[in-house]
Amino acid sequence: VIGVTDLTRLSASEIASAIASGEVSAVEVAQVHLDRIAAVDESVHAFLYVDREGALAAARAVDARRARGERLGSLAGVPLALKDVFTQRGVPTTCGSRILEGWRPPFDSTVVGRLRDAGVVILGKTNMDEFAMGSSTENSAYGPTHNPWNLGRIPGGSSGGSSAAVSSYEAPLGIGTDTGGSIRQPAAVTGVVGVKPTYGGVSRYGLVAFSSSLDQAGPLARSVLDAALLHEVIAGHDPLDSTSIDAPVPPVVEAARITDVTGLRIGVVKELSGEGYQAGVEQRFREAVELLAKLGADVIEVSCPHFVYALPAYYLIAPSECSSNLARFDGMRYGLRVGDDGTRSTEEVMALTREAGFGPEVKRRIMLGTYALSSGYYDAYYGQAQKVRTLITRDFDRAFESVDVLVSPTTPTTAFTIGERVDDPMAMYLADLCTIPANLAGNAAMSVPCGLAPEDGLPVGLQIMAPTLADERVYRVGAAVEAALGDAWGHPLLEEAPSL
Amino acid sequence: MTNVAETSALLPYSEAVADYDPVIGLEVHVELSTASKMFCACSTVFGAAPNTQVCPICLGLPGSLPVANKAAVDSTIKIGLALNCSIAEWCRFARKNYFYPDMPKNYQISQYDEPLCTDGWLDVDVDTQDGPRTFRVGIERVHLEEDTGKTLHIGGATGRIHGADYSLVDYNRAGIPLVEIVTKPVPGTGELAPEVARAYVTELREICRTLGVSDVRMEQGSLRCDANVSLAPLGASEWGKRTETKNVNSLRSIERAVRYEIERQAGILAAGGRVVQETRHWHEETGVTTPGRSKEEAQDYRYFPDPDLVPLAPSREWVEGLRASLPELPAARRKRLTKEWALSPRDMDALVNAGALDSVEATVAAGAPPAEARKWWLGELARHANETATEVSALPIGPADVARVVELVAQGRLNDQLARQVIEGVLAGDGSPDEVVAARGLAVVSDDSALGEAVDEAISANPEIAEKVRTGKIAAAGALVGAVMKATRGQADAARVRELIFDRLGVSG
């Protein structure tokens, strides 16, 4: 490691061991990343807020602990980009929305608390689609984030700020949230690893809710092992979240070190391919499946017949929950307040605040959800969608009777052009076609890079899905693919990205 | 067009119930006295400075999540069991969505179509000229929810949000566990409807108090009641349109509000009008109800299961454990004590209404005969409580003190008058009964030599009365006894004084 001139190119595990051994200080590491952000974020716009002082203070604390001879955790001193949907005491938290502009939460989310305890250095808060609603980060009230592979392309969404920060070497690690694919799709289109843990695997306390039954926090990293190390730090039961699972964290780090898939049964989901899928995406996906077979896995085709209804069910359940979750943003207690001139009623001020504070996509989903929950429509919409959700869960259960993991492309296409789909919500929603089923059923899923699409030279992601609480399987398969492809290419995929 | 509903004169009560049959229904909210709130660890103590018992969770800050309080679930199940309900094996919390500044999240976590307890009943007794009558009130559901904050609207004429200059919100109450107990419609109470309504809430309050699940203080809002009333012409096969009267915050108000609604609705119907189904507000000072939200403005609450909370699935062992832990319920206890103490139902009512049942039972347990215990608690002590505006149970005298006074009287060491002085001393904080007796030198004097002088003085000071007694008007002796008692500051043994007087005057009592 000594002799590497650019510390931003190191993996999280390399940084942690360099700090632990005293080769570099945590402050040095934080500083080079802050410098990198200063150098490139004007073009990438991954960050909404850079917490320079907080980051350096956290780094100094790690150095002090090391100086005292304390044992450091596996990621102590490693910088991280945090999606701006998590509360962090005293640090602005906007969720990409005007309505929360200026709000500094008085409490830490559980994820932030665990990162702090582990000595992870939080560099700042990253851009996102407003309240995590979107697949391109264009729905942020603070302007879009750009894909480091091609600044004219979207970095995915809603965790596009974190995926862009990791892929542009502004941070080795990122935290995102995944409600319908918001970690995996950005990871896929920026050529990094992203994991949605089993629902309930990571506490939602302090994660500003979009759709409570679907939201799940997870890691973004440039390698499967780094993702596993971060997963291990943030996961585990939290008494502050009743939907958090009271079970041991799956052995993800151990699994990420196994690069053997011999005898694993891998199911290719028949329904997640064909019409609407970019040719280069399908090609790289097929090659990845062939690679897995060559590595000794048993590959079979599996049918999940109800997956075709996942998208419409999702667009009833998520908006329904969001219409209720976002009701609290009314200008009465925190954030934006509009029209309070002493002549208007409370209701008028609430309405004006929401009118001015929410962007068009958020309003669209609030209206959709309000309608779907209305008396007389509930059974036909929300109720029906919940039944579809059950059927999708059963599809997974049946499939996992015969296979250990399921695979598909992560997204039907590579990163699209900024502005291309903003006026066509349906086209935008299709970006999450392959990722939504895992959210509806709650199981674990990963996106791992599997090459560049020949027609546009942009990254393609392989999605690996495992049963609930078997998160380690996605790491085992992901690590095998990563290792085999790395050998074939002679370098990590990200090194093919243009340098900024 | 004038609104018949708001202009018709009231129909006098006796006429109203002669022509119309009321159906009542009651919705009672009970704030549980758990140490912490429903979904967070904040304190529930009443009366703290505004917005000091709050945290990110009960303020609904972005990112915060609720976790259900098990003690509150236990309390709700206990109430359900005491009301003979079935306890759900699986149920969920639901969100009730509407915008109001006292709700931090703009939705209330409540229960909707899956309440924790359903389908029970409670028998209540109402005193009539023909003796007590029992009515069975069906219980539709008992469910658990969180309370809202409290708003104070400043300025404006109505004290309500519309027209106010500004409003203050106190979120201390937000998130306090609240149990909602809803009756089935109660028909067939006739003219007794107001009394049945009152008796039901009274009994429910006693049950909650006995279970130890709530302070049930209506004046502090820990027990709140809405009363539904509808009227139909006598013998009609269908019930009429009902109104729901809110803000009924004392037992007396419940009776008054139901009675008022019967008179008001009967007035409308008698004038050929139609009752509007609506929410109405009770006004304690004026004794009337006025319209609130009408059905046209009724909100669509868009209930759906709260995805932040896991379902409640009380196991049968859990429920049976709670059932086994239930204390003796008020009705059973009253029945037992009525029998043990050989009381009439009306005697028992008097004890319950005075809030003295616990004190009397404890006094009896401390050795006093029930009749003596009742006499003191319902007499001297109830009067003192009334004068000092406290509850009998809160007086600075305990059942053991009262039992000791009763014992001293039984031993002849005190008479009634002296006993009252001892009680006054204890109430004044002068110590235990024995300490008061010692300090004030209170003891019955029955020694003839000490009394003889006083008797002689009384006779010579009242020659005319003495003469009457001598000539056979025995009853006149009372005045002489009184004079002796006065002279001895009440310490004389009155019976012995009487004997001495007759002795001196040569008559036989």
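For the numbers below, each heavy atom of this structure counts, side chains included, while hydrogens, waters and symmetry mates do not.
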Contact class of Y98(B) relative to chain A, heavy atoms under 4.5 angstrom: neither
Top residue by heavy-atom pair count (under 4.5 Å) with chain A, among I57(B), L59(B), V67(B), D306(B)? V67(B)
Atom group of S109(A) that falls short of 4.5 Å from chain B, counting heavy atoms: neither
Between R204(A) and P307(B), what is the shortest heavy-atom contact and its length? NH2-O, 4.0 Å
Between Y100(B) and chain A, which part of the residue has a heavy atom less than 4.5 Å away: side chain, backbone, both or neither? backbone
Please check if the number of heavy atoms outside Y49(A) that lie under 6.0 Å from its OH is greater than 12. yes
Is Q386(A) in contact with chain B via its backbone, its side chain, both, or neither, using a 4.5 Å heavy-atom distance? neither
Contact class of F329(A) relative to chain B, heavy atoms under 4.5 angstrom: side chain
How close do L65(B) and L240(A) get, heavy atom to heavy atom, and via which atoms? CB-O, 3.7 Å
Engaged part of N97(B) at the chain A interface, taking heavy atoms whose separation is under 4.5 Å: side chain
Separation of R302(B) CZ from S375(A) OG (nearest 0.5 Å): 11.0 Å
If I compare all heavy atoms of Y378(A) with all of P305(B), which pair ends up nearest, and what's the gap? OH-CD, 3.3 Å
side-chain contact (heavy atoms from CB on, under 4.5 Å), that's the test. Do N325(A) and R95(B) meet it? Break it down for me. CA-CA 10 Å; N325(A) 282 332; R95(B) 293 188 185 175; 2.8 Å; yes
So how far is it from T346(A) OG1 to H153(B) NE2, rounded to the nearest 0.5 Å? 8.0 Å
At a 4.5 Å cut-off on heavy atoms, which part of T93(A) comes close to chain B: side chain, backbone, both, or neither? neither
Tell me whether the count of non-hydrogen atoms from other residues, nucleotides or ligands lying under 6.0 Å of NZ in K363(A) goes above 12. yes
If I compare all heavy atoms of T243(A) with all of V310(B), which pair ends up nearest, and what's the gap? CA-CG1, 4.3 Å
Using heavy-atom distances under 4.5 Å, tell me whether F107(A) contacts chain B through its side chain, its backbone, both, or neither. side chain
N/O donor-acceptor pair under 3.5 Å between R333(A) side chain and P104(B) backbone: yes
To the nearest 0.5 Å, what is the distance between CE (M332(A)) and CG (D102(B))? 12.5 Å
Close side-chain approach of S324(A) and F304(B), heavy atoms under 4.5 Å: yes
Spacing of R354(A) atom CZ and F99(B) atom CZ [to the nearest 0.5 Å]: 4.0 Å
Nearest 0.5 Å please: distance from the CZ atom of F93(B) over to the OG atom of S242(A). 9.5 Å
Least distance between heavy atoms, P62(B) atom then V208(A) atom: CB-CG2, 3.7 Å
For atom CZ of R242(B), is the number of surrounding heavy atoms from other residues, nucleotides or ligands below 6.0 Å larger than 12? no
Of the backbone (N, CA, C, O) and the side chain (C-beta and beyond), which part of P105(A) lies under 4.5 Å from a heavy atom of chain B, both, or neither? neither
Roughly how far apart are W103(A) CH2 and L61(B) CG, rounded to 0.5 Å? 5.5 Å
